[in-house]
Every structure is written in structure tokens, then in C-alpha cells.
Amino acid sequence: ADVTYRGQTIDDIQISISAITIDGTGNVLGQSTATAYRSGSYLPYLGYIQLDTADVASMQSDGSLLGVLEHEIAHVLGFGVIWSNLGLLTGTNTSSPGFTGTNAVAEYNALFGASVSAVPVEADGGSGTRLSHWEETVFNNELMTGWYNSGQTNPISRITVASLADLGYTVNM
């Protein structure tokens, strides 16, 4: 549903993008989150992306800027951000947390020939990585792991697209 924010109608989502000093070259490339949510669905209508000024030029020159922005946009849409609010995160105090959205689990099981009840979620990394990305050792260079694989393709998987459906979005698989 449309939302009115500061006198402006937001029909989907409004994302502010800026470049700030975060931690210097080569570490955290960007950070993002949703900052305002629709009541009931928790679907965000407002959020921001901040890119590290020390990394922007190199991301532009090596072609990774678009992939990093796509990753951060997924977070603003709620990937890893609203999982707990929707009851879709399990095992948060264990070494094997998981995302329990039925669409993503079905895609995971189909892709990996598995029969699990949760998609593996990252248990390592800092507060910006842990419990808000797919498990790096399982997903490797997939777009929504916590570490960008420079010089490689970082594709979005059917599992990630299905997870957005689990959040309440209409998706095209």
C-alpha cells in the first residue's frame, strides 16, 4: 500500500544512496538497512545505502559497483533485515542458523537435492554480516553472501528471489 512520509506519497520504496567514510579501502564496501516499515507486513518503504568513499572509485573501475548496489538494495527491501520480525529465522544462538521461508527452502532443496527445513544463514562475521546473509561456505559467490567476490560473477540465485516472495513480495522466478 502507498505510504505518506513527510507529505510525500511513497508507492513502493524510497532509497537514499550516499557515500561516506566507513573503514578505508577494501573492507566494508557498503552498508544499508530499511528504516521505516508498513504496519502488518513489515515491508519497508524507506531505507538507505551508504557506500565507503574509499572504495567507490575501485568498484566503478572493476565493475563491481552495480553488484554491490544490488546486494544493498536487497537489504533495504528486507533481506536479512525483517527475517526475525516475520518469524523466518531459526537457530540464532547456534552455529547453524537458518531461514525458514517455504519458497526459499523449496528452491534450496531443489537446487542442492536436499531435504532441509531451513536455508543456511551466515553465523560468522560482525553485526552487519551475521544472521543477515546466506552462509558463505554453502553459497560461495552468490549475491547475498556477506562477502563480495571481486573479479567473479556474484549472481542472484532462485533461492534469494524466492526468499523475497517469503517476505511478501510478488516475484518472477
Side-chain angles (χ1 to χ4, degrees), residues 1-23 28-53 55-56 59 64-92 97-108 118-136 139 142-148 154-173:
D2 290 355
V3 176
T4 301
Y5 176 74
R6 295 185 178 174
Q8 177 184 5
T9 299
I10 300 174
D11 65 349
D12 293 311
I13 190 164
Q14 179 178 313
I15 303 173
S16 300
I17 302 174
S18 62
I20 65 167
T21 299
I22 297 176
D23 66 354
V28 174
L29 302 175
Q31 56 194 17
S32 60
T33 195
T35 55
Y37 309 87
R38 288 170 173 82
S39 61
S41 71
Y42 292 106
L43 289 179
Y45 64 86
L46 198 62
Y48 67 82
I49 297 171
Q50 297 171 325
L51 301 173
D52 193 338
T53 54
D55 295 309
V56 171
M59 287 189 290
S64 63
L65 182 59
L66 180 58
V68 170
L69 284 170
E70 290 169 340
H71 174 98
E72 299 303 342
I73 288 168
H75 285 308
V76 178
L77 291 174
F79 185 99
V81 175
I82 62 172
W83 290 353
S84 291
N85 299 74
L86 298 176
L88 297 172
L89 193 58
T90 187
T92 58
F99 177 81
T100 59
T102 56
N103 295 298
V105 169
E107 290 295 329
Y108 180 89
V119 178
V121 169
E122 186 61 58
D124 299 319
S127 62
T129 302
R130 185 178 184 279
L131 302 179
S132 60
H133 294 89
W134 298 139
E135 171 58 47
E136 179 79 17
F139 284 85
E142 203 271 352
L143 183 66
M144 293 314 296
T145 63
W147 291 271
Y148 191 80
N154 291 260
I156 188 169
S157 67
R158 290 178 61 90
I159 301 164
T160 296
V161 175
S163 77
L164 294 173
D166 290 323
L167 300 184
Y169 291 101
T170 300
V171 302
N172 181 344
M173 294 302 295

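Fair warning: this is a prediction, and the values are worked out from it, not measured in the lab.
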Straight-line distance of [X] [atom1] to [Y] [atom2], nearest 0.5 Å:
X: L29; Y: M59; atom1: CG; atom2: CE; value: 5.5 Å
X: L46; Y: S16; atom1: CG; atom2: OG; value: 6.5 Å
X: Q31; Y: H75; atom1: CD; atom2: NE2; value: 11.0 Å
X: Y45; Y: T9; atom1: OH; atom2: OG1; value: 12.0 Å
X: N85; Y: Y37; atom1: CG; atom2: OH; value: 7.0 Å
X: L89; Y: S132; atom1: CG; atom2: OG; value: 9.5 Å

Considering non-hydrogen atoms only, spot the tightest contact between [X] and [Y] and give its length.
X: H71; Y: L143; answer: ND1-O, 2.7 Å
X: D23; Y: V28; answer: OD2-N, 2.9 Å
X: P44; Y: L77; answer: CD-O, 3.4 Å
X: R38; Y: D12; answer: NH2-O, 2.7 Å
X: T21; Y: D52; answer: CA-OD1, 4.0 Å
X: I15; Y: V76; answer: CG1-CG1, 3.7 Å

Scan for side-chain hydrogen bond (donor to acceptor under 3.5 Å, both in side chains) pairs involving residues 164-173, sequence neighbours excluded, and state none if there are none.
-> N103-D166
Give every donor-acceptor pair under 3.5 Å between a side-chain atom in residues 121-128 and any protein atom, sequence neighbours left out.
residue: E122; atom: OE1; partner: E136; partner atom: N; Å: 2.9
residue: E122; atom: OE2; partner: D124; partner atom: N; Å: 3.1

Take atom OH of Y42 as the centre, draw a 6.0 Å sphere, and report whether it contains more than 12 heavy atoms from other residues, nucleotides or ligands.
-> no
State, yes or no, whether a side-chain contact exists between [X] and [Y] at a heavy-atom distance under 4.5 Å.
X: T92; Y: W83; answer: no
X: W147; Y: T129; answer: yes
X: Y48; Y: T33; answer: yes
X: T160; Y: E142; answer: yes
X: L167; Y: L88; answer: yes

Under the side chain to side chain contact (heavy atoms under 4.5 Å, CB included) criterion, do V161 and E107 qualify, and how do the steps go?
-> CA-CA 9 Å; V161 175; E107 290 295 329; over 6 Å; no
Quick one: which of F79, Y108, W134 gives a ring pair (Phe, Tyr, Trp, His ring centres under 6.0 Å) with F99?
-> W134
